[in-house]
Q: 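This structure is in structure tokens; I'll ask about it shortly.
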Amino acid sequence: MSLKYTEEHEWIKVEGDVATVGITHHAQDALGDVVFVELPEVGSSFEQKAVAGVVESVKAAADVYMPISGEITEVNEALRGDPSLANTDPLGAGWFFKVKLSDASQVNALLDETAYTAFAAAN
């Protein structure tokens, strides 16, 4: 499945009933050099749009929101050790966490790449 996006600049890639979540190129560009990430606890559950983590850069801090409701199954320990991965590879090695979906239909309401690109350019 291709990536989906939120208006809060997170991306999500769904594989089966688990989704990988991270921040977009637009988000990391706006933040600048990422120096710290706060990741959620494995086993914790969040509702869609709840704050699940924090990303801090040299010039700002931003909340990381849940694109969909679900339970955290894994966090990116490499990102915790090297937060700059969010800048150098935001859609790959810089992923934040994985979520077991509690309502897969929520994915359908997220933006596709074309809609997100237009949204990001306008905001």
Side-chain angles (χ1 to χ4, degrees):
M1 176 182 204
S2 60
L3 298 179
K4 293 284 206 160
Y5 302 87
T6 70
E7 290 184 354
E8 292 77 33
H9 307 289
E10 287 90 21
W11 59 264
I12 179 173
K13 180 180 181 184
V14 178
E15 297 172 289
D17 66 347
V18 175
T20 304
V21 177
I23 62 171
T24 64
H25 281 287
H26 180 85
Q28 69 84 24
D29 280 344
L31 284 166
D33 293 336
V34 174
V35 295
F36 175 78
V37 294
E38 179 182 313
L39 301 172
E41 293 292 320
V42 171
S44 56
S45 294
F46 295 89
E47 292 299 313
Q48 185 178 35
K49 298 189 178 180
V51 175
V54 176
V55 57
E56 294 182 11
S57 71
V58 293
K59 63 182 182 180
D63 291 330
V64 177
Y65 297 92
M66 287 292 287
I68 42 81
S69 299
E71 179 184 339
I72 304 299
T73 60
E74 186 179 348
V75 296
N76 187 351
E77 292 297 342
L79 181 65
R80 195 186 316 257
D82 182 5
S84 70
L85 290 171
N87 294 118
T88 59
D89 193 9
L91 303 181
W95 62 275
F96 277 58
F97 50 84
K98 296 188 179 190
V99 183
K100 182 174 173 55
L101 305 175
S102 61
D103 182 357
S105 69
Q106 291 176 336
V107 174
N108 299 330
L110 300 176
L111 303 172
D112 63 17
E113 186 172 0
T114 301
Y116 175 74
T117 300
F119 171 81
N123 291 285

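Just so it is clear, the model here is predicted, and its values are computed rather than measured. All residue numbers refer to positions in the sequence shown, counting from 1.
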Q: Please list, chain by chain and in numerical order, all residues satisfying side-chain contact (heavy atoms from CB on, under 4.5 Å) with Ala122, sequence neighbours excluded.
A: none
Q: Return the minimal non-hydrogen interatomic distance between Val14 and Ala19, and the atom names on each side.
A: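 Taking Val14 first and Ala19 second, the nearest heavy atoms are CG2-CB, 4.0 Å.
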Q: Check each of Ile72, Val54, Val21 against Pro40 using the side-chain contact (heavy atoms from CB on, under 4.5 Å) test, and report the only one that passes.
A: Ile72
Q: Glu113 versus Leu3: any side-chain heavy-atom pair under 4.5 Å?
A: no
Q: Does the Lys NZ or Arg CZ of Lys98 fall within the cation-pi geometry relative to Trp95 - under 6.0 Å from the ring centre and within 45° of the axis?
A: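 Verdict for Trp95: a cation-pi partner in Lys98.
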Q: If you look at every heavy atom in Ala86 and Leu79, which pair is closest and at what distance?
A: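 Scanning both residues, the minimum pair turns out to be N-CD1, 3.6 Å.
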Q: So, using ring pair (Phe, Tyr, Trp, His ring centres under 6.0 Å) as the criterion, who are the partners of Tyr5 when residues are at least two apart?
A: Tyr116
Q: Stepwise, does the side chain to side chain contact (heavy atoms under 4.5 Å, CB included) test hold for Val18 with Leu101?
A: CA-CA 6 Å; Val18 175; Leu101 305 175; over 6 Å; no
Q: Which atom names give the shortest non-hydrogen contact between Phe97 and Ala52, and what distance separates them?
A: CZ-CB, 4.0 Å
Q: Using side chain to side chain donor-acceptor pair (under 3.5 Å), reason through Asp103 and Ser105 one step at a time and then give a plain yes or no.
A: CA-CA 5 Å; Asp103 182 357; Ser105 69; 2.5 Å; yes
Q: Side chain to side chain contact (heavy atoms under 4.5 Å, CB included), that's the test. Do Asn87 and Gln28 meet it? Break it down for me.
A: CA-CA 6 Å; Asn87 294 118; Gln28 69 84 24; 2.8 Å; yes
Q: Enumerate the salt bridge (Lys or Arg N to Asp or Glu O under 4.0 Å) contacts for residues 55-69, please, sequence neighbours excluded, ordered by first and then second residue.
A: none
Q: Please list all pairs meeting side chain to side chain donor-acceptor pair (under 3.5 Å) that have one or both residues in residues 74-84, counting only residues at least two apart or in different chains.
A: Glu77-Arg80, Asp82-Ser84
Q: Hey, does His26 have a side-chain heavy atom less than 4.5 Å from the side chain of Trp11?
A: no
Q: Do Ile12 and Thr20 come close enough that some side-chain heavy atom pair is under 4.5 Å?
A: no
Q: Is the side chain of Gln106 donor-acceptor paired with the backbone N or O of Ser69 at a distance under 3.5 Å, no angle test?
A: yes
Q: Looking only at non-hydrogen atoms, find the nearest pair between Ser102 and Gly70 and report the distance.
A: OG-N, 3.7 Å
Q: Would you check if Glu10 and Thr24 make a side-chain contact, meaning some heavy-atom pair closer than 4.5 Å?
A: no
Q: In sequence, state the C-alpha distance, the side-chain angles, and the governing distance for Val75 and Phe96, and then conclude on side chain to side chain contact (heavy atoms under 4.5 Å, CB included).
A: CA-CA 6 Å; Val75 296; Phe96 277 58; over 6 Å; no
Q: With a 4.5 Å cut-off on side-chain heavy-atom distances among I, L, V, M, F, W and Y, is there a chain of contacts connecting Val107 to Val99?
A: yes
Q: Supply the atom-to-atom distance Glu7 CD to Asn123 CG, rounded to the nearest 0.5 angstrom.
A: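 Nearest 0.5 Å value for the CD-CG distance: 7.5 Å.
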Q: Can you tell me how far CD of Glu47 sits from CE of Met66, rounded to the nearest 0.5 angstrom?
A: 9.0 Å
Q: Kindly state each residue pair satisfying salt bridge (Lys or Arg N to Asp or Glu O under 4.0 Å) with at least one member in residues 16-41, sequence neighbours excluded.
A: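 Matches after skipping sequence neighbours: Asp17-Lys100.
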Q: Taking the hydrophobic residues Ile, Leu, Val, Met, Phe, Trp and Tyr, and joining any pair whose side-chain heavy atoms are under 4.5 Å apart, which ones share a cluster with Val51?
A: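 Val51 shares its hydrophobic cluster with Tyr65.
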Q: Show the nearest heavy-atom pair for residues Pro67 and Thr6, with the distance to one decimal.
A: CB-CG2, 3.6 Å
Q: For Leu31, is there any backbone N or O sitting under 3.5 Å from a side-chain donor or acceptor partner on Ser57?
A: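 Here the side-chain-to-backbone pair exists.
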